[in-house]
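Have a look at the structure below, then the notes.
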Amino acid sequence: MTTAALPVALVGDGLRVPCADGTELPYLSFDAAASTSAMQQVLDAVEAFLPWYSSVHGGVGYKSEASVLAYESSRLAALAFARRQPDSGDVAVICRNTTEAINHLAYRLGLSRGDVVVTTVAEHDSNRLPWARAATCRYVECGKDGTFTPEDVAAALDQRPVSRLLTVTGASNVTGWLPPLPEIIAAAHHRGIPVLVDAAQLVPHRPLPAGADFLAWSGHKMYAPFGAGVLIGPRRVFAARDPFLVGGGAASVLDLDDVAWAAPPEREDAGSPNLIGAVALRAAIGALEGIGWPDIADHERRIARLLRRGLAAIPGVRLLGPGPDTETLPLVTFIVDGVPAALVAARLAAEEAIGVRHGCFYAQPYLTRLLGLTPAEARATSERARKGDRTLMPAAVRVSAGINISEHDVARLLSGIERLVAGKPPVRYRRDPSTGDFYPVRSGARVGQPLTRGMRGAQ
Ligand code: PLP
């Protein structure tokens, strides 16, 4: 059974791409957790706005005013999407993506090495490295299934020195697990510690947590791939001191040796902003809210169940992360006995025209734990990688879906994986040790030039 409005086709769905045997198949992306195609409403909104595109900062004239209005409306839409009341005192900073938003905040909080930030071993590098550079991280460990409890978080928050911030993912990009945010946020607030939720994975799937002090997310993971993301936080944080980026637009008064920073959020807007990205973001917010979270969550829960059950039933496939009773996003990470993850991904791409992700997913410490590697084993593989051989890097395969994926698509993926597990490849694959990737070869040469052949219709 499908929900009335779902699945929703995305721009580019069904494009035919070349396979290793010379045939063409409709491309099927099971890589939504990395990036999503645009929703049609997003593309329509961008096209409708483009004739009105003009300068945002300081321009005078009808089109400039229309552009300022569009930009500021996007900020307001982002705040409402994050369930902030108009009088909440929060601001939305439009930036490039989650990574930039988190770097932005790590600078903005004015941290030093003596400050502690509590985070978890389940984080994406983009929610770990900015904190590890700006402060000292204290990590919440996870169990074998990749989960942790609010009590685990509370225990880390209770250690001394008191932490300046708790930063936690809203949903894991490796297991699709949804940490219990309300309890985790409450535990931090009970101790007077503010919380950042990295909502990169959460944002296209579930409502954003109203209780988080700070939120960061990316448009390209919510069907608005036009280069804009959002950082939300209290105005007072952005009213103190200098902004992350300095330049035109960030200062209201300027002399050679004098600067008065503009009020937030303009203070954070140095340089010409990504107005088209902001327009796309607002359109995606409107489109997702138009479908409605209950329908989105219902549909994706069904897809998640089908993926989990179907993959778990294939001999030789082992799922990583929490068991079947735990709710997850429509995202499953797995390994196949005796087949390198990179080969599984290469074969799905070349033989089935299905795009998935493989490797560490920018979360190597977490994947290492999920795979049950000892610290010594993890160090040994990293050492070999540093010497140019990435073939033994910890790796798994990830399939991830969004609102465009149907039950039929899941069935196609599962039969592709069944074929792959059961049979020998129809073509030979060669591995590049420097990347660890496989690619199909015939008579010693890489098969075709898939990229240029596949883009024929796009030129
Ligand atoms: N956080 C999580 C949980 C992610 O999955 C990702 C990207 O996959 C990021 C942060 C970084 O997002 P972006 O590349 O859009 O900056």
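Remember, it's 1-based here, ligands and their atoms both numbered in the order they're listed.
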message: So is Glu123 touching ligand 1 or not, going by heavy atoms under 4.0 Å?
response: no
message: Which residue and atom name correspond to the protein heavy atom nearest atom 10 (C) of ligand 1, and how close is it?
response: Asp198 OD2, 3.4 Å
Polar side chain donor-acceptor pair, Thr99 to Ser126, under 3.5 angstrom: yes
- prompt: Among the heavy atoms of Asn127, does any lie under 4.0 Å from an atom of ligand 1?
  reply: no
Taking atom 4 (C) of ligand 1 as the reference point, the nearest protein heavy atom with its distance: His124 CD2, 3.2 Å
query: Between Glu123 and Thr120, do the side chains contain an N or O donor and an N or O acceptor separated by less than 3.5 Å?
result: yes
field: Nearest-contact summary for atom 16 (O) of ligand 1 - protein heavy atom, Å
entry: Thr99 OG1, 2.5 Å
- line: the protein heavy atom lying closest to atom 8 (O) of ligand 1 turns out to be Lys221 NZ, 2.6 Å
- prompt: Side-chain donor-acceptor pair under 3.5 Å between Ser172 and Thr169, yes or no?
  reply: no
task: Any chance you could lay out the ring pair (Phe, Tyr, Trp, His ring centres under 6.0 Å) test for Trp177 and Phe148, step after step, and finish with the verdict?
output: CA-CA 10 Å; Trp177 176 55; Phe148 48 83; 4.9 Å; yes
message: Taking distance alone, with N or O pairs closer than 3.5 Å, would you say Glu100 contacts ligand 1?
response: no
Under-4.0 Å salt bridge between Glu141 and Arg369: yes
task: Decide whether Thr167 and Arg128 meet the rule of one side-chain donor and one side-chain acceptor closer than 3.5 Å.
output: no
query: So, does Arg96 sit close enough to ligand 1 that a heavy atom of it is under 4.0 Å from the ligand?
result: no
